[in-house]
There are 2 protein chains.
Amino acid sequence: MNSNGDGMTQARETGTLGKLMVLLDLVTHAAAPLRFTDILALAGQPRGTLHRQLSHLVEEGLLELDGDGRYAPGLRLLDFAARSWARNEFRMIAEPHLADLQQATGETVHLGVLRGSSIIYLDKVEGRQPVRMYSQIGNASPCYCTGVGKAALSLLPPDRLADLLAGLSFTRFTASTHGSAETLLAEIREIADQGYAFDREEHEAGIRCVAAPVWSEDRTFIGGISITGPAYRLSMELLREWAVPVQLAAGRIMEGMRIRLGPRR
Amino acid sequence: MNSNGDGMTQARETGTLGKLMVLLDLVTHAAAPLRFTDILALAGQPRGTLHRQLSHLVEEGLLELDGDGRYAPGLRLLDFAARSWARNEFRMIAEPHLADLQQATGETVHLGVLRGSSIIYLDKVEGRQPVRMYSQIGNASPCYCTGVGKAALSLLPPDRLADLLAGLSFTRFTASTHGSAETLLAEIREIADQGYAFDREEHEAGIRCVAAPVWSEDRTFIGGISITGPAYRLSMELLREWAVPVQLAAGRIMEGMRIRLGPRR
DNA sequence: AAATTAAGTTCCACATAATGGAACAAAATA
DNA sequence: TATTTTGTTCCATTATGTGGAACTTAATTT
């Protein structure tokens with residue numbers, strides 16, 4: 001039973017691939033490399049079956065087995081991801097606009113898209129410091145407590161939104177995290193009206209952001225961009241001012257998509 | 001444990017997973033998103049079979065199908081990779097030492113490991129500029145024309161080295177790229193003696209590096225660290241001087257592994 | 001607009017690959 | 001040494017993937 005709270009796995013768990021992906025998820029979500037027996041307990045598969053499944057994953061480089069018999073995520077995943085990221089058109093088009101926004105505000109800018117009920121961050125532009133790469137990029141965060149997430153939700157048609165909300169389990173990360181679908185839905189309606197969203201320290205205490213929705217024409221990407229920073233530097237008043245440049249940048253990204261990809265037939 | 005003598009566990013291309021991985025490789029390696037028919041030609045599978053295979057990959061989020069029927073790498077790969085990277089012990093231990101080396105030299109520092117006959121870069125520390133993330137990290141480069149690659153090869157026992165060299169095809173990226181196993185082998189012997197390797201513009205014209213080998217005790221990670229930069233700034237003389245700090249940093253990383261992970265049983 | 005071709009999807013008898021219980025082997029622990 | 005725990009192999013059974021063909025839809029040509 002897949003009990004991960006992020007709900008991003010709407011994939012079927014039957015079929016050879018499905019079962020293997022559950023295992024891969026299990027191992028990559030673990031805090032530390034797992035022993036065979038640990039996985040056995042978590043996966044609830046017969047010993048023989050599990051052993052073969054893991055062997056296959058190791059053979060393909062999706063998992064790695066160290067000298068102590070501990071299974072860790074395989075580095076082949078990095079290679080796949082690097083290409084997935086480098087060639088992503090949405091990200092490429094957004095890139096210069098993210099940089100502009102970073103320059104204009106001096107704060108960190110994110111680009112994220114909705115996948116299942118998670119936001120996956122596609123890019124991050126920070127100011128000064130030698131950034132720890134991969135940090136944030138690729139990370140999946142809940143949609144109900146991030147600026148980008150709520151901006152994305154405001155783009156969904158009512159029925160899809162309802163379906164998604166029904167499947168959420170609300171983990172309270174801070175005192176201001178939404179605790180129910182009702183309050184969240186109310187805020188999403190508001191966001192749909194005004195065209196921008198805030199994160200009022202809902203995911204991480206002391207961190208705020210303003211976000212605007214972004215989408216591709218074929219709706220393959222539904223997500224948003226945001227300016228994020230520490231609460232002591234980003235008053236709610238300042239964030240309200242920044243709603244304008246964020247929305248403008250979002251608009252420019254979407255225009256870039258139209259030009260680049262041509263009109264829909 | 002995997003008891004095959006050849007050491008280098010190359011992925012088999014049979015079995016459900018194996019076939020799917022071939023497809024995933026195909027799509028992620030393509031310069032642009034592929035249509036069904038393009039993949040059909042490349043994969044040489046029957047139409048029905050291919051269609052179902054692709055559907056499964058899409059269902060699992062490993063591929064994505066846009067509105068135009070083009071298949072692109074799925075963003076779920078990013079999520080997997082982000083965790084794979086963030087939790088990698090080798091990388092975590094090496095991190096501060098890479099930063100020190102970057103500080104000391106002012107040039108870019110890389111950490112890479114050998115997987116098959118490729119070097120996969122696990123980390124990169126640059127100076128100033130807002131680094132384009134993922135750039136380099138996760139990328140797979142040939143072992144025979146990179147400093148880290150040749151340093152890694154110098155760690156292999158003769159038989160494994162011979163096997164690996166036998167399987168290589170030498171693409172000449174620049175005028176100084178090794179063109180045969182013979183000259184490469186000679187240099188690797190030299191590297192094994194002196195404990196450091198150079199890249200004399202062998203992968204990219206105008207780019208040089210010094211590298212030193214690094215390995216984990218259980219040999220799960222065989223790789224190296226390097227200082228890389230433009231040839232006009234990094235004379236061969238300067239690189240020879242830097243061989244010392246690179247080797248020292250490599251030593252500290254390996255010491256860190258011993259302390260962190262404890263002595264081997 | 002109709003005809004023609006190509007592209008993409010579904011179906012189902014068949015073959016292959018995964019399953020899982022049990023036996024076996026190897027470490028760890030008593 | 002005996003005993004338990006952990007990891008690996010085996011093989012009859014069965015679930016799953018296979019692939020040719022029929023079918024549907026979209027694009028191109030006449």
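In what follows, every chain begins at residue 1, and chains take the letters A, B, ... in the order their sequences are listed. It should be emphasised that the depicted structure is a prediction, and the values quoted were computed from it without experimental measurement.
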(request) Pull out every residue in residues 28-37 of chain B that has a heavy atom closer than 4.0 Å to any atom of DNA chain C, ordered by number, or say none. (result) B/R35, B/F36, B/T37

(request) Applying side-chain hydrogen bond (donor to acceptor under 3.5 Å, both in side chains), name anything that partners A/T220, two or more places apart in sequence or on another chain. (result) A/D218

(message) A/E64: which residues meet the side-chain hydrogen bond (donor to acceptor under 3.5 Å, both in side chains) condition with it, sequence neighbours left out?
(response) B/R115

(request) In plain terms, say whether B/R76 and A/D25 are close enough for a salt bridge, that is, a side-chain N and a carboxylate O under 4.0 Å apart. (result) yes

(request) In plain terms, say whether A/E89 and B/R70 are close enough for a salt bridge, that is, a side-chain N and a carboxylate O under 4.0 Å apart. (result) yes

Would you mind reading off the distance between [X] atom [atom1] and [N] atom [atom2], rounded to a whole angstrom?
| X | N | atom1 | atom2 | answer |
| --- | --- | --- | --- | --- |
| A/L40 | D/dG7 | CG | P | 9 Å |
| B/D68 | D/dA26 | CG | P | 14 Å |
| A/L65 | D/dT6 | CG | P | 16 Å |
| A/L54 | C/dA18 | CG | P | 14 Å |
| B/H51 | D/dT24 | NE2 | P | 15 Å |
| A/L20 | C/dA18 | CG | P | 8 Å |
| B/I39 | C/dT9 | CD1 | C1' | 15 Å |
| B/R70 | C/dA7 | CZ | P | 16 Å |

(request) Give the angle between the helix axes at the two ends of the helix from C/dA1-D/dT30 to C/dA30-D/dT1, taking five base pairs at each end and rounding to 10°. (result) 40°

(request) Just grab all the salt bridge (Lys or Arg N to Asp or Glu O under 4.0 Å) pairs involving residues 148-162 of chain A, residues at least two apart or on different chains. (result) A/K150-A/E187, A/K150-A/E202

Non-neighbouring partners of [X] that pass ring-ring contact (aromatic ring centres under 6.0 Å, His included), sequence neighbours left out:
| X | result |
| --- | --- |
| A/Y71 | none |
| B/F221 | B/F90 |
| B/H110 | B/Y121 |

(request) Go through the structure and list residues passing side-chain contact (heavy atoms from CB on, under 4.5 Å) with A/A181, not counting sequence neighbours. (result) A/L165, A/F170

(request) Name all pairs fulfilling the side-chain hydrogen bond (donor to acceptor under 3.5 Å, both in side chains) condition that reach into residues 27-40 of chain B, sequence neighbours left out, sorted by first residue then second. (result) A/R83-B/T28, A/R83-B/H29

(request) Please list all pairs passing the ring pair (Phe, Tyr, Trp, His ring centres under 6.0 Å) test where one or both residues lie in residues 36-55 of chain B, with sequence neighbours left out. (result) B/F36-B/H51

Interface polar pairs with nucleotides 19-22 of chain C, N/O, under 3.5 angstrom:
{"residue": "C/dT19", "atom": "OP1", "partner": "A/K19", "partner atom": "NZ", "Å": "3.3"}
{"residue": "C/dT19", "atom": "OP1", "partner": "A/Q53", "partner atom": "NE2", "Å": "3.2"}
{"residue": "C/dT19", "atom": "OP2", "partner": "A/R52", "partner atom": "NH1", "Å": "2.8"}
{"residue": "C/dT19", "atom": "OP2", "partner": "A/R52", "partner atom": "NH2", "Å": "2.9"}
{"residue": "C/dT19", "atom": "OP2", "partner": "A/Q53", "partner atom": "NE2", "Å": "3.4"}
{"residue": "C/dG20", "atom": "N7", "partner": "A/T49", "partner atom": "OG1", "Å": "3.2"}

